[in-house]
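Written out below as structure tokens is the structure these notes cover.
All chains are named by letter (A, B, ...) in the order of the sequence lines, taking the proteins before the strands, and each is independently numbered beginning at 1. Note: hydrogens, waters and symmetry copies are ignored here, and every other heavy atom, side chains too, is used.
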Amino acid sequence: MEKDEKLLKVRHSMSHVMAEAVLEIFPTAKVAIGPAIENGFYYDFELPRPLKTEDIAEIEERMKRIIKGKFPFVRKVVSREQALELFKDQPYKLELIKAFPEGEEISLYTQSTFTDLCRGPHVKDTSELNPEAFKLLSVAGAYWRGDEKNPMLQRIYGTAWQTSKDLRVYLNRLKEVEKRDHRKLGKQLDLFSIHEEAGAGLIYWHPKGARIRSVIEDFWRNEHFKNGYEIIYTPHIGKSWLWKTSGHLDFYSENMYAPIKIDSADYYLKPMNCPFHILIYKSSMRSYRDLPLRWAELGTVYRYERSGVLHGLLRVRGFTQDDAHIICTPDQIGDEILEVLRFSLRIWKAFGFKDIKAYLATKPEKSVGDNAQWDKAIESLKRAVEKENLEYVLDEGGGAFYGPKIDLKIRDALGREWQMTTIQFDFNLPERFNMTFVDHDGKEKRPYMVHRALLGSLERFFGVLIEHYGAAFPVWLSPVQVEVIPVAAEFFDYADKLKKTLLEKGIRVNADLSSNRLNAKIRNAQNEKIPYMLIVGEKEAADNLVSLRDREGTRKNLMPFGDFIEMIGEKIKNKVLL
RNA sequence: GCCUCUGUAGCUCAGCUGGUAGAGCACCUCCAUGGUAAGGAGGGGGUCACCGGUUCAAAUCCGGUCGGGGGCUCCA
């Protein structure tokens, strides 16, 4: 796309202009790297002092002035020696130059007073940059080359566009993202909380959030039963024997918590459910006639995450995976994978996510299992995505050492991608636990095992769900589906009668019998994003009618109550928004 | 963990250059209340995150501790 390439040049050039502005203020600054990124650009500096907000404004002003100077971006190719000489005071640049392979062309770009080691490309001159279409957004610390052993640099992030209108649109989108922040909405609508003093990264589900969760879980369980899964429950802790056998203590221990001593044995909180599922598998002899086995569990696991990466519901230390393991014979694997994929897509559709992309990861350098196994597995994954006409990206060598996988990323209402579903082969655990089944020929053989999480974790999924809908959930998920609002105290009885009827029909309903006035009641229900309000007074009570108002503000006055029950039943059944 | 910003009532926030705390919402009480986004009055509620320092005097300045936000792969 031509426009994208242009924007890339604009953003990259902006970062050079920013570097020039920063060097004007701090002549001794050491510059690191400054690429274009999604929506903008950044540049990393080593500065004599931390940046303040006022500095940002000044850098912006200077950038505008530089842009107005109409300076050309001049490209020049130099020898390695010339480059080393030119950047002798710039240690980060020197490091980059020294790391270039022999024979690599080294190019410089100069605009105005600033020359940078740069591959380009850039705009012709700064008149192609729009001084009204960029904004510096934030300052952050960033390790040189992303490695925490390296010095911490100061990174300035900016956004840049071709027109001031594009910039405005983008800034508005940022505002929208902020408005939908699940942490903010979670507090506002009383859905969940986190209590630092009781432990970071641990989620408390409030009644309204828990309502939603229980609807999700019920739906999840029913769908699993309908699709040939069995539901199992397993413990939260297991002795070190289990984790030694599974290999977690060797390869995953940095994510596991310290053991609990019970009767002089070490027990570990589970970071994964698989070893437990395997023990159930091994509790009896399995015949090929028993396979495939599909076992699902809403399994709560605990994993250590560094404090700095914890983020609301999206990155936590304790969470419930909607986990399942499929254990089958080699010739069942194709059908099983296809079914899992179809099942996932159906579930995502039900929750209102239609834009889904697949990421297929194949065999890495270091891996277990033989090639034939890998090939067969990858083949089944490929065939499944192709059969479902899913757009997919191939990540050659990106699989885990124990098997290939498909990840599904969903796109939310704001166009952001979230990695949720993972369907992952495991050639390691069946081996480690010596899982077998007896085949037609009476011989014990190794089954295939696939891990799969659809929603990923209920916590994270809930966070994404809140942001996707801005907490205005579809009726079937709304914690309160109907608010009955009598226009005056005289009609409280009628309101209460409606409430009881709806409750009996399994509808989540509340009647506002407070002493608030009508307008305030409507406002409260509106702010709670309750899908339907039933406003009732004399006319309604006389003929068993309701006056309907939905959260969009659309009204239907004097509707027979029976019609409303039928209507909301349909909406819930069809999982529509309103 | 590290860099940076930040921490005032349940929530959202004000409190300028130091002179021992304020608003709106929520909550409680009373009054009012019949038609589609806030009826009115009064009241309760804060050791200004914590510890230490400077000062006659600290929410305010300084240091530390503990939380929270943003960032730490996007390769000149």
Review item, nucleotides 30-32 of chain B N/O atoms under 3.5 Å of protein N/O:
unit_1 : atom_1 : unit_2 : atom_2 : d
B:rA32 : N1     : A:S515 : O      : 3.3

For nucleotides 71-73 of chain B, print each protein N/O atom paired with a nucleotide N/O atom at under 3.5 Å, atom names and distance only.
unit_1 : atom_1 : unit_2 : atom_2 : d
B:rG71 : O3'    : A:Y157 : OH     : 3.0
B:rG71 : O2'    : A:G141 : O      : 3.3
B:rG71 : N3     : A:G141 : O      : 3.4
B:rC72 : OP1    : A:Y157 : OH     : 3.2
B:rC72 : O4'    : A:G141 : O      : 3.4
B:rC72 : O2'    : A:Y143 : N      : 3.2
B:rU73 : OP2    : A:G146 : O      : 3.0

If you restrict it to nitrogen or oxygen atoms, what contacts under 3.5 Å exist between nucleotides 6-12 of chain B and the protein, and what is each distance?
none

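One N or O on the side chain of A:K521 and one on the backbone of A:D512 form a donor-acceptor pair closer than 3.5 Å. Checked by atom type and distance alone, the side chain of A:S79 pairs as donor or acceptor with a backbone atom of A:Q82 at under 3.5 Å. Using modelled atom types, no side-chain atom of A:S367 and backbone atom of A:Y402 make a donor-acceptor pair closer than 3.5 Å. The closest donor-acceptor contact from the side chain of A:Y268 to the backbone of A:A258 lies at 3.5 Å or more, if one exists at all. A:N130 contributes a side-chain N or O that, together with a main-chain N or O of A:Q162, makes up a donor-acceptor pair within less than 3.5 Å. Between the side chain of A:R555 and the backbone N or O of A:S547 there is no donor-acceptor pair closer than 3.5 Å. Looking only at distances, no side-chain donor or acceptor of A:D543 sits under 3.5 Å from a matching main-chain atom of A:L545.
Close to B:rU36, at under 4.0 Å from its OP1 or OP2, lies no side-chain N or O of A:N519.
Among the nucleotides B:rG70, B:rU36, B:rA37, the one closest to the side chain of A:R523 is B:rA37. Listed candidates were B:rC74, B:rA37, B:rG34. Nearest to the side chain of A:I37 is B:rC74.
Nucleotides of RNA chain B nearest to A:Q154 and A:I535 differ in position, and the one nearer the 5' end is that of A:Q154.
Between A:L47 atom CG and B:rU4 atom P the separation is 11 Å, expressed in whole Å. Regarding A:L202, its CG atom lies at a distance of 14 Å from the P atom of B:rG67, rounded to whole Å. One can place CG of A:D550 at 12 Å from C1' of B:rU36, the figure rounded to the nearest angstrom. At whole-Å resolution of the value, CD in A:E528 and P in B:rA26 are 13 Å apart. We find that CG of A:L8 is positioned 11 Å from C1' of B:rC74, with the value rounded to whole Å. Nucleotide B:rG35 holds its P atom 18 Å from the CG atom of A:L534, rounded to whole Å. The interatomic distance linking A:L7 (CG) with B:rC74 (P) rounds to 20 Å, in whole Å. Atoms CZ (A:R315) and C1' (B:rG68) sit 18 Å apart, rounded to a whole Å.
Counting non-hydrogen atoms under 4.0 angstrom, A:A36 reaches the backbone sugars and phosphates but no base. Residue A:N524 is out of contact with every strand shown, counting any heavy-atom pair closer than 4.0 Å. Using a 4.0 Å heavy-atom distance criterion, A:E104 is classed as a base contact. The residue A:E105 sits close to a base: some heavy atom pair falls under 4.0 Å. Base engagement by A:E490 is indicated by at least one non-hydrogen atom pair under 4.0 Å involving a base atom. Across all strands shown, A:Q188 has no heavy atoms under 4.0 Å from either base or sugar-phosphate atoms. In this structure, A:L518 reaches the sugar-phosphate backbone alone: every heavy-atom distance under 4.0 Å involves primed, P, OP1 or OP2 atoms, never a base. Within 4.0 Å (heavy atoms only), A:E540 reaches at least one base atom of the nucleic acid.
Ring pair A:Y43/A:F114 is perpendicular by interplanar angle, where above 60° counts as perpendicular and below 30° as parallel. Between A:F462 and A:F473, the ring planes lie parallel to each other; the angle is under 30°, not in the 30° to 60° tilted range. Relative ring orientation between A:H16 and A:H12 is described as perpendicular, the plane-to-plane angle rising above 60° on a 0-90° scale split at 30° and 60°. Classification of the A:F192-A:H182 ring pair by plane angle, with boundaries at 30° and 60°, yields parallel.
With a 3.5 Å ceiling on both atom-pair distances, the Watson-Crick or G-U wobble partner of B:rG19 is B:rC56. For B:rC2, the paired nucleotide is B:rG71, the pair qualifying as Watson-Crick or G-U wobble because both relevant distances are below 3.5 Å. Look at B:rA41: its Watson-Crick or wobble partner, with both distances under 3.5 angstrom, is B:rU29.
When the P atom is compared between B:rG68 and B:rA59, the two are found 25 Å apart, to the nearest whole Å. Comparing the P positions of B:rG45 and B:rC5 gives a spacing of 37 Å, expressed to the nearest Å. A distance of about 32 Å separates the C1' atoms of B:rG10 and B:rG63, rounded to the whole Å. B:rU47 and B:rU4 have their P atoms separated by 32 Å, with the value rounded to a whole Å. Taking atom C1' in both B:rA58 and B:rG52, one finds a spacing of 13 Å when rounded to whole Å. Taking atom C1' in both B:rA14 and B:rC3, the straight-line distance is 30 Å, to the nearest Å. On the P atoms, B:rC48 is 10 Å away from B:rA9, given to the nearest whole Å. If you take atom P in B:rG69 and the same atom in B:rG22, they sit 31 Å apart, rounded to whole Å.
What you find for A:M420 and A:F461 is that their closest heavy atoms are CE-CA, 3.7 Å.
Between A:Y532 and A:L548 the shortest side-chain heavy-atom distance falls below 4.5 Å. With contacts defined as side-chain heavy-atom distances shorter than 4.5 Å, the pair A:F45/A:R155 does not qualify.
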